[in-house]
Amino acid sequence: MTQTDASAPDGMPDDPFAALAGSFAGRRALLLEDDPALAEHVAERLLAAGFAAVDRFDAGEAALLAARNGAYDILILDRLTAGMDGLEMLRQLRSNPGTSADAPVLMLTALTGERQRVEGLLGGADDYLSKPIGDEELLARIAAQLRRVARRAKPVSNDLINGPFRLSPGARTLKLKTAEGERLIDLSPLEFAIVSELMTARGQPVTKTMLWDRCWVEWTFLPDNFVNIIDARISALRRRLKEQAPELGEDLHPLIVSARSQSLVFRDLDAA
């Protein structure tokens with residue numbers, strides 16, 4: 001296990017994935033998966049990460065009934081199940097609301113073509129994941145959906161504050177508070193998108209696959225060298241932030257640090 005940058009300041013967890021336990025505590029998940037080994041693995045991983053309960057189903061009909069009558073924080077659905085599959089189950093749940101009709105939905109399936117991804121997202125899924133998926137990727141995607149639900153439940157200013165930084169999604173600006181006032185940080189559209197995703201996570205890890213999906217939107221596929229593309233951009237972005245925010249001091253740079261092998265975190269400067 002590779003931990004976060006060793007120069008992390010006091011108050012920042014060495015392993016942001018371990019810190020997800022607070023976000024997952026008391027949460028309940030519904031899992032529709034007819035592969036017993038995979039269902040057991042996913043359930044065990046979520047429970048170990050802090051979930052209070054993971055209800056497992058191997059048929060869409062039973063999962064639909066449970067979602068309509070039980071309160072779940074997240075639904076994880078396969079598309080290839082006997083009888084009613086996950087996509088049809090989701091369509092029926094969204095069209096005839098029940099208790100968990102508005103819960104975020106992650107499709108976890110071997111149907112990974114672009115047409116199938118579009119079908120899933122247009123069918124009501126909030127995220128579409130391909131099998132096999134790593135544990136870290138799954139946990140980070142779930143955490144991202146739970147954050148979105150929390151933001152909808154608590155209407156606040158759209159601006160995100162992280163220490164001396166103020167990020168304004170509407171204006172697409174990042175400003176640094178100094179003794180003389182606020183100073184605009186010069187970022188390209190792609191750099192702003194990256195910083196926005198990382199700051200929105202509020203100290204929680206964002207995987208590189210998630211960054212690619214949300215920031216490199218002009219790409220319609222995942223190239224084999226996407227990690228190298230991201231790493232090069234992050235390296236340049238770290239230098240740009242250091243050049244434009246020297247007031248923070250060497251101990252807080254780089255502002256973007258690695259979490260394990262394939263995830264990134266923007267330092268929580270409020271905790272520094």
- Message: Test side-chain hydrogen bond (donor to acceptor under 3.5 Å, both in side chains) on T178 and E247; report intermediate values, then the result.
- Response: CA-CA 8 Å; T178 68; E247 297 93 338; 5.3 Å; no
- Query: Going through the checks in order, is the side-chain contact (heavy atoms from CB on, under 4.5 Å) test met by Q145 and I74?
  - Reply: CA-CA 8 Å; Q145 292 302 324; I74 192 85; 4.0 Å; yes
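In terms of hydrophobic clustering, with Ile, Leu, Val, Met, Phe, Trp and Tyr side chains grouped at heavy-atom distances under 4.5 Å, L31 and L139 are assigned to a common cluster. Under the 4.5 Å side-chain contact rule for hydrophobic residues, V149 and Y128 do not share a cluster. Follow the hydrophobic side-chain contacts under 4.5 Å out from I133 and you never reach L77; the two are in separate clusters. Both F51 and L129 are members of a single hydrophobic cluster when ILVMFWY side chains are connected at heavy-atom separations under 4.5 Å. Grouping the Ile, Leu, Val, Met, Phe, Trp and Tyr side chains by contacts below 4.5 angstrom, directly or via other members, places L93 apart from L65.
Under a 3.5 Å cut-off, the side chain of H253 and the backbone N or O of A245 do form a donor-acceptor pair. A donor-acceptor pair under 3.5 Å links the side-chain atoms of R267 to the main chain of P254, judged by distance alone. With hydrogens and angles disregarded, a donor-acceptor distance shorter than 3.5 Å links the side chain of T81 to the backbone of M84. A distance-only check finds a donor-acceptor pair linking the side chain of S100 to the backbone of G70 [under 3.5 Å]. Side-chain atoms of R183 come within 3.5 Å of backbone N or O of Q244 as a donor-acceptor pair. In this structure, D127 contributes its side chain and L106 its backbone to no donor-acceptor pair below 3.5 Å.
Within the 4.5 Å cutoff, the side chain of P104 has no heavy atoms near those of the L75 side chain. You'll find the side chain of R27 reaches within 4.5 Å of the side chain of L146, heavy atoms only. Between L160 and F165 there is no side-chain heavy-atom pair separated by less than 4.5 Å. The closest side-chain heavy-atom distance from I185 to V195 is not below 4.5 Å. With contacts defined as side-chain heavy-atom distances shorter than 4.5 Å, the pair D73/F24 does not qualify. At least one side-chain heavy atom of D126 sits under 4.5 Å from a side-chain heavy atom of V105.
Distance check, rounded to the nearest 0.5 Å: CG of L87 to CG of L111 gives 9.5 Å. The CZ atom of R68 lies 8.5 Å from the CE atom of M89; values are rounded to the nearest 0.5 Å.
Within 6.0 Å of atom CG in N228, more than 12 heavy atoms from other residues, nucleotides or ligands are found, so the atom counts as buried in its surroundings.
Using a cutoff of 4.0 Å between basic side-chain nitrogens and carboxylate oxygens, D213 and R141 are scored as salt-bridged. Using a 4.0 Å cut-off between a side-chain N of Lys or Arg and a carboxylate O of Asp or Glu, D231 and K208 qualify as a salt bridge.
Remark: R28 is positioned above the aromatic ring of Y72, its terminal NZ or CZ atom under 6.0 angstrom from the ring centre and at most 45 degrees off the axis.
The closest side-chain donor-acceptor pair between R147 and Q204 falls under 3.5 angstrom.
Using the six-membered ring where Trp is involved, W212 and F226 have ring planes that are perpendicular, over 60° apart on the 30 and 60° scheme.
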